[in-house]
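Okay, so here's the structure we're looking at.
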Protein chains: 2
Amino acid sequence: MYIRGSRGIHGIVFETKEFNTEETCPLFSSTHAQSPKSRRKKKREQGLMEGKENGPDGKKPGRVIDGPTNPMVTPLLNDLYQFTMAYAYWKAGKQSERSVFDLYFRKNPFGGEYTIFAGLEECIKFLANFNLTDEEIDFVRDSLPGCEEAFCDYLRGLDCSDVEVYAIPEGSVVFPKVPLLRIEGPVAVVQLLETPFLNLINYASLVATNAARHRFVAGKSKLLLEFGARRAQGPDGAISASKYCYLGGFDATSNVAAGKLFGIPLRGTHSHAFVSSFMSLDEIVDKALRSSDGKSTCEDFVSLVQTCLTKIQNSSSLHGVFSETNQSELAAFTSYALAFPSSFLALVDTYDVMKSGIPNFCAVALALNELGYKAVGIRLDSGDLAYQSTEARKFFCAIERELNVPDFGKMIITASNDLNEETVDALNKQGHEVDAFGIGTNLVTCYAQAALGCVFKLVEINNQPRIKLSEDVTKVSIPCKKRTYRLFGKEGYPLVDIMTGENEPPPKVGERLLCRHPFNESKRAYVVPQRVEELLKCYWRGNAG
Amino acid sequence: MYIRGSRGIHGIVFETKEFNTEETCPLFSSTHAQSPKSRRKKKREQGLMEGKENGPDGKKPGRVIDGPTNPMVTPLLNDLYQFTMAYAYWKAGKQSERSVFDLYFRKNPFGGEYTIFAGLEECIKFLANFNLTDEEIDFVRDSLPGCEEAFCDYLRGLDCSDVEVYAIPEGSVVFPKVPLLRIEGPVAVVQLLETPFLNLINYASLVATNAARHRFVAGKSKLLLEFGARRAQGPDGAISASKYCYLGGFDATSNVAAGKLFGIPLRGTHSHAFVSSFMSLDEIVDKALRSSDGKSTCEDFVSLVQTCLTKIQNSSSLHGVFSETNQSELAAFTSYALAFPSSFLALVDTYDVMKSGIPNFCAVALALNELGYKAVGIRLDSGDLAYQSTEARKFFCAIERELNVPDFGKMIITASNDLNEETVDALNKQGHEVDAFGIGTNLVTCYAQAALGCVFKLVEINNQPRIKLSEDVTKVSIPCKKRTYRLFGKEGYPLVDIMTGENEPPPKVGERLLCRHPFNESKRAYVVPQRVEELLKCYWRGNAG
């Protein structure tokens, strides 16, 4: 943590010398990740979500920006005090005073060293469509004691055409105290953005960070699946979790709505209920399965599965691993394969993984193989995942070898069951054969730390710097409108983020700069940047553009 | 934990002998609390949300049930595997097999001894409006490899007219393993309810429980305000938190949208930004304030405030507590009082609570008092809340005494600043003068435990009991369609919840009953109930009603 030595405001910064962003977070490799939606809609919104370095932007004639993903995000998604203050500003004739607010957080979550910034797109969508309906205005009036009718007229005309928003690009790696957003505009209007912006950014950034941390622990080569819908904190706890976990480095989600809304790849097969809903193979009525190339039809796929099971039972190296497998499970697997012959993946732990689930799966997979299909793999959802995955892999490899089935040993092994950073790390240390992790509860609820503490502080009004004092020095706000820069070193890695006063000269490439910590005088360092990037880019320029 | 000794299925139960529900949770006093919405709409939905003991219910001609509060709650808010399974059931001709699922949790949250059940109303609203649009069906088809067109026709006709839902009333105190809901119907349809139901119930019950625990610690007499919108996990993490905290025993929320949607009382005044947006008293242009009775007008309220401040400064017992107060703060308070003379409540910790905030507040409150208004009180948002509230109370009482202002000592003191169960408990132990607690982050994100682990398990299909085995005995499901009862003792307190098989005779008043734990043979007890209440009531009877 160092900051710039100069007049006025001084930059909070971070050391990134050992922060190998390539390894840490897939987002950083392209400076900032694209949110799935912005990726899909890039063309239409070009310029808006890209952010331009203080260039013209914002509302342009004829350009329509969709509202927030969740239609419940309205100006009433607000703390009452934003409206009481708006009224008091209006009563005092102060409502249009030009104010500058910084949105930032004070500490990285999960005891970590970085945060992934997310939620910006939704903020801009909210702001672009900011408007109070008559019904909403009536409700606000009734909620404010003694509210004058003229205030309702004021609210009726309110929009964000006088507001400017500067932000760090969504998906960036960010650090404490450096503003993620700088919002400028009429004080009463900007205050009405505080609660919705915080709501849209706090959880988004938290869960994106959590996802990035899981990606870091799991490594680049593993498939990461977000399975959190059922345990998330409410319906859009689920939907936005899917969006921001994808942004944070996950590969797919189980959440169909998120798949539809954001184009995120979907994953999912069947649950224990499906397995236990079957009684026996006799239940399967339609036993025919066309071969993969469509040239022939196996009239009794059930018999073929049974033959394959016998083949495994008779195989010398697999002999003794199991005797009788659970027949209702075999019926469920067979039935599922008949429905999805080209994407057969089975949950193998309903009864007994090694004695029933795996042999049953292999029997069905071998039968599919005879018809030219390739089974995808298995999911393990309980027990010792390291041991089970290793044993399962041995079993698959033995079949490949003994029955001469190419690639059978490469079957994908997915693991789920209350996984989190620590359990994935522990699995890595034990050694395992898991290819894909399905992570739910701990990921989407951010169980290890359920909230990020972003704040929204007034730093300037009418060109006068403002500060909020506190006995706790970390809670003192840093006054003044700021510029922020990321300085890069010789190898192209970022070294430090700094803040300067608005009118201070920007740092120059090749020029030595003294950076100072804003709260700790003894923390200071010289930096010679090889590249300088201004962090806050314009995402909304109101009418000025 | 005891259960019933009898044939078949045996009830999991809990000991409630020392569980004084009157004291523990405000909900229980009326057996179950009403959700705010159901309270408002009671008339319209009578019968639905009340639940009838196996009586006729559900869809009736002409009766319209609104959709879920959040329009994003659609059948696509689902794990993909519910659709892949639906397809596989349909392919196997099993889709309409009559199934019974139990929804329950395995462990009380927060290391506690009870849970408040919530989310039922939203589930019923979802179910009543269950329908897939053509666009949604197209998306599902494209997500399922090899999906046949006829399956889309099946989806098109799908609704919940063949589903029955039995549930414990929303707001009830509930315990692990006892089904909160029993859902019966065609297996493919009921599985499509799993993820949305879990999503709607898990967080709702968790946050309602958290609210009830905060109420228990704070005591009955304190005002509890939910201030979580900005830190909640997404927009309806905020809105549903407000709803379910109210259900769990909170008095009000800061969330305007929740106030509008559910009729929850709103609270809120101003933030630090409002205080620091002022420079000096000169900014106040319109200084006139009409008296409370409307009979006279004070032309210069600012001077009146200054006079009152001098009066406090000259008062003997307050002498020396402070010298010069912060003038921008005084300007902000004065301005706020001009806007809200009848509901003046000030945030007093922007600069220095005892040396500036409290005297400034008192000056404005005294000035209001001279015009016949009563100030409401103060909010403390940092520092040692026990000490500050006690000092503030002394100050208020001294003014009441010295300046002869009746009730000035009873000024309401609100405390906020990252409060939770532990900090409120610690304040109680230290002694404090806080009247109202504003609780945000820890309450709405359920920081102490961010997820409740409700599950949805198949217990019967085609009248055959089904079980899910597991190496972990607590994860083994309890098969069969069940009835559940709460048994009450002599003093009217609940003693135990039990489960029985569907066709077993119900427990009888005055008759001794052996209750047995389902997983622990050594845990058993005799109970003689004085009152028996069947817990699962019918909330949805499909077409059968």
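Residue numbering restarts at 1 for every chain, and letters A, B, ... go by the order of the sequence lines.
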Do [X] and [Y] make a side-chain contact, defined as non-hydrogen atoms from C-beta onward lying under 4.5 Å apart?
X: B:Tyr447; Y: A:Gln449; answer: yes
X: A:Phe139; Y: B:Leu266; answer: yes
X: B:Met72; Y: A:Met72; answer: no
X: A:Gln191; Y: B:Ser271; answer: yes

Subject >> By salt bridge (charged side-chain N to carboxylate O under 4.0 Å, His left out) - contacts of B:Asp79 (at least two apart) >> reply: A:Arg230
Subject >> Which residues share a salt bridge (charged side-chain N to carboxylate O under 4.0 Å, His left out) with B:Asp381, sequence neighbours left out >> reply: B:Arg379
Write down the atom of [X], the atom of [Y], and the distance for their closest heavy-atom approach.
X: A:Met85; Y: B:Thr269; result: CG-O, 3.8 Å
X: B:Gly234; Y: A:Tyr203; result: N-CB, 3.7 Å
X: B:Ser277; Y: A:Glu97; result: O-OE1, 4.4 Å
X: A:Arg231; Y: B:Val455; result: NH2-CG1, 3.6 Å

With a 4.5 angstrom heavy-atom cut-off, could you sort out which part of [X] is near chain A: side chain, backbone, both or neither?
X: B:Cys454; value: backbone
X: B:Ile201; value: neither
X: B:Tyr89; value: both
X: B:Ser328; value: side chain

Subject >> Residue that, paired with A:Pro235, satisfies side-chain contact (heavy atoms from CB on, under 4.5 Å) out of B:Thr74, B:Thr69, B:Asn199 >> reply: B:Asn199
What residue in [options] has the most heavy-atom pairs under 4.5 Å with chain B?
options: A:Leu469, A:Asn202, A:Ile284, A:Thr445; value: A:Thr445
options: A:Gly237, A:Ala229, A:Cys147; value: A:Ala229
options: A:Ser254, A:Ser143, A:Ala204; value: A:Ser254
options: A:Leu458, A:Leu200, A:Val207; value: A:Leu458

Original post:
Relative to A:Phe340, does B:Lys91 satisfy both conditions: NZ or CZ under 6.0 angstrom from the six-membered ring centre, and within 45 degrees of the ring's axis?
Top reply: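 So B:Lys91 doesn't make the cation-pi contact.
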Subject >> A:Phe278 six-ring face occupied by B:Lys94 cation (under 6.0 Å, within 45°) >> reply: yes
**OP:** Verify, without hydrogens or angle tests, whether A:Arg466 (side chain) and B:Ser276 (backbone) share a donor-acceptor contact under 3.5 angstrom.
**Re:**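 Yes.
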Original post:
Would a distance-only check, ignoring hydrogens and angles, find a side-chain to backbone donor-acceptor pair under 3.5 Å from B:Gln233 to A:Ala232?
Top reply: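 A pair under 3.5 Å: no.
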Subject >> side-chain contact (heavy atoms from CB on, under 4.5 Å) between B:Ile461 and A:Met279, intermediate numbers included >> reply: CA-CA 10 Å; B:Ile461 191 163; A:Met279 306 285 167; 3.5 Å; yes
